[in-house]
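Numbering of residues begins at 1 and proceeds along the displayed sequence. Predicted model only: the values in this text are computed from it and were never measured. Excluded from the calculations below are hydrogen atoms, water molecules and symmetry mates; all remaining heavy atoms, backbone and side chain alike, are included.
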Amino acid sequence: NFKKIKFFKSRFDKLFFKDDSIDLLVSAGVLHHTNTNLSFMIKDHSRVIKKGGYFFVFIVGKGGQELDLWRFCRKVMKNINVKHVYNKLNKSISPLRLQGFLDHSYGEYKTISRKSFEKLLKKNFSKITKVDGIPGADVTPKTFSNDKFFKKRFGSGNLRYLCIK
């Protein structure tokens, strides 16, 4: 029933959209994969969203054994060609698991604490709401509510927010 929906593929570290031109902008798991300053990117994302428009953002948090493990994996995998790994695993594991493995083993991560990220979002949006995440897909305090070692294992966990400009 939506007649005015358009999907765009864009660089995420410097958006090409005009100011106040987007009703909804989704950034799911990408902003932490660049050397571009996070504060700059959040400000740029806010710039293109219309007043009253929405921004869904998901990035990795900071700390925890999981990120330490992935940092170790990147050191191990840095001299192994990614195409070789893809070809070896492509028929052995699900596409989502393969994507996650390659993402974590070859992609760099910038991390930020929940408190610092919320402060950054509040500078650029009139309202921010934490999104709990989906069990089995997201690492958040809510999806791991029974894990008494959450903070040690995952640090801040995944940072997921719906923001209104």
Side-chain angles (χ1 to χ4, degrees), residues 7-15 17 19-20 22-78 94 96-165:
F7 291 91
F8 297 93
K9 188 166 75 171
S10 170
R11 290 187 57 96
F12 60 91
D13 54 347
K14 177 69 174 121
L15 300 175
F17 302 106
D19 293 2
D20 303 310
I22 305 288
D23 293 306
L24 168 66
L25 184 60
V26 176
S27 178
V30 295
L31 294 182
H32 51 256
H33 287 298
T34 180
N35 290 324
T36 304
N37 179 280
L38 190 56
S39 180
F40 169 82
M41 288 188 295
I42 295 298
K43 185 176 181 181
D44 193 42
H45 282 58
S46 174
R47 172 189 65 78
V48 303
I49 298 169
K50 294 177 184 176
K51 182 155 180 66
Y54 294 89
F55 176 48
F56 173 78
V57 60
F58 151 52
I59 66 169
V60 297
K62 184 175 188 164
Q65 295 169 335
E66 181 189 40
L67 289 177
D68 290 342
L69 175 63
W70 288 120
R71 199 173 298 112
F72 172 75
C73 285
R74 285 192 297 281
K75 287 179 184 178
V76 170
M77 302 300 285
K78 74 178 182 180
S94 77
L96 286 176
R97 291 286 175 220
L98 178 58
Q99 181 274 329
F101 179 78
L102 296 176
D103 180 51
H104 288 90
S105 296
Y106 290 94
E108 285 299 321
Y109 283 83
K110 105 179 8 146
T111 61
I112 188 169
S113 71
R114 182 174 299 283
K115 185 177 179 179
S116 296
F117 192 57
E118 287 180 359
K119 186 177 177 182
L120 183 57
L121 292 174
K122 286 176 183 176
K123 282 184 185 177
N124 294 281
F125 296 93
S126 64
K127 182 177 180 185
I128 68 165
T129 304
K130 188 170 23 170
V131 177
D132 291 330
I134 301 164
D138 298 306
V139 179
T140 66
K142 178 76 172 182
T143 61
F144 280 76
S145 60
N146 294 327
D147 187 344
K148 65 182 181 180
F149 300 107
F150 179 86
K151 192 165 187 86
K152 183 170 180 66
R153 291 176 64 204
F154 304 113
S156 301
N158 298 155
L159 309 180
R160 301 166 51 88
Y161 292 89
L162 182 61
C163 308
I164 301 174
K165 185 168 173 189

Quiz item: What is the distance from atom CZ of Arg11 to atom OG1 of Thr36, rounded to the nearest 0.5 Å?
Solution: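 If we round to the nearest 0.5 Å, Arg11:CZ and Thr36:OG1 are 7.5 Å apart.
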Quiz item: Side chains of Asn124 and Phe55: closer than 4.5 Å at any heavy-atom pair?
Solution: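 Result no, sub-4.5 Å side-chain heavy-atom pair not found.
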Exercise. Kindly compute the distance separating NZ (Lys14) from NE2 (His45), expressed to the nearest 0.5 Å.
Key: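 So the NZ of Lys14 and the NE2 of His45 are separated by 11.0 Å.
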Quiz item: Around Tyr106, counting heavy atoms of other residues, nucleotides and ligands shown, do more than 12 lie under 6.0 Å from its OH?
Solution: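 Yes, the 6.0 Å shell around OH holds more than 12 heavy atoms from other groups.
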Exercise. Return yes if some donor-acceptor pair links the side-chain N/O of Asp23 with the main-chain N/O of Gly53 below 3.5 Å, else return no.
Key: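 No, because the side chain of Asp23 does not come within donor-acceptor range (under 3.5 Å) of the backbone of Gly53.
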Quiz prompt | Side-chain donor or acceptor of Lys110 paired with backbone N/O of Thr34 under 3.5 Å | solution =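 Checking the backbone N and O of Thr34 against the side chain of Lys110, a donor-acceptor pair under 3.5 Å is found.
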Quiz item: Within a strict 4.5 Å, meaning less than it, do heavy atoms of the Phe56 and Ser27 side chains meet?
Solution: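 No, their side chains stay 4.5 Å or more apart.
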Self-check item: Aromatic plane relationship, Phe144 with Phe150 - under 30° parallel, 30 to 60° tilted, over 60° perpendicular
Solution: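 Phe150 and Phe144: tilted rings.
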Quiz item: Are more than 12 heavy atoms from other residues, nucleotides or ligands located less than 6.0 Å from atom CZ of Phe40?
Solution: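 Yes, CZ of Phe40 has more than 12 neighbouring heavy atoms, counting only those of other groups under 6.0 Å.
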Quiz item: Does some side-chain heavy atom of Ile112 sit less than 4.5 Å from a side-chain heavy atom of Lys62?
Solution: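 Counting from C-beta outward, Lys62 and Ile112 never come under 4.5 Å.
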Quiz item: Thr143 and side chain to side chain donor-acceptor pair (under 3.5 Å): which partner among Asn146, Asp147, Thr140?
Solution: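 The residue from Asn146, Asp147, Thr140 that satisfies side chain to side chain donor-acceptor pair (under 3.5 Å) with Thr143 turns out to be Thr140.
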Quiz item: Any side-chain heavy-atom pair from Phe117 and Tyr161 closer than 4.5 angstrom?
Solution: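 The answer is yes, as the side chains (C-beta and beyond) meet within the 4.5 Å cut-off.
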Quiz item: If only atom types and distance count, is the side chain of Arg71 paired as donor or acceptor with the main-chain N or O of Tyr109 below 3.5 Å?
Solution: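 Answer holds: no.
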Quiz prompt | For Asp20, all residues meeting side chain to side chain donor-acceptor pair (under 3.5 Å), sequence neighbours excluded | solution =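 Testing Asp20 for side chain to side chain donor-acceptor pair (under 3.5 Å), a comparison that skips the adjacent residues, returns Lys165.
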Exercise. Look only at the side chain of Arg74 and the backbone of His104, and say whether a donor-acceptor pair between them is shorter than 3.5 Å.
Key: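 Side chain of Arg74 to backbone of His104, a donor-acceptor pair under 3.5 Å: yes, one is there.
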Quiz prompt | More than 12 heavy atoms from other groups under 6.0 Å of CG on Asn35 | solution =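 It does not: Asn35 CG has 12 such atoms or fewer within range.
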Quiz item: Does any non-hydrogen side-chain atom of Asp138 lie less than 4.5 Å from one of Val131?
Solution: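 Val131 does not reach Asp138 side chain to side chain.
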Self-check item: CG on Asn37 to CD1 on Ile42, rounded to 0.5 Å
Solution: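 It comes to 10.0 Å.
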Quiz item: From Asp13 CG over to Leu38 CG, what is the distance, rounded to the nearest 0.5 angstrom?
Solution: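 One gets 12.0 Å once the value is rounded to the nearest 0.5 Å.
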Quiz item: Under the 3.5 angstrom rule, does the side chain of Ser156 hit a backbone N or O of Ser113 as a donor-acceptor pair?
Solution: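 Between the backbone of Ser113 and the side chain of Ser156 there is no qualifying donor-acceptor contact (under 3.5 Å).
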Exercise. Mind listing the closest non-hydrogen atom pair of Phe12 and Val30 along with its distance?
Key: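 Closest approach of Phe12 to Val30: CE1-O, 3.3 Å.
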Quiz item: At what distance, to the nearest 0.5 angstrom, does CD1 of Ile164 lie from CD1 of Ile128?
Solution: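 One finds 11.0 Å between CD1 of Ile164 and CD1 of Ile128.
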Quiz prompt | Heavy-atom donor-acceptor pair, Arg114 side chain to Asn158 backbone, under 3.5 Å | solution =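 Yes, because the side chain of Arg114 sits within donor-acceptor range (under 3.5 Å) of the backbone of Asn158.
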Self-check item: From Leu15 atom CG to Ile22 atom CD1, the distance as rounded to the nearest 0.5 Å
Solution: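 These two atoms lie 8.0 Å from each other.
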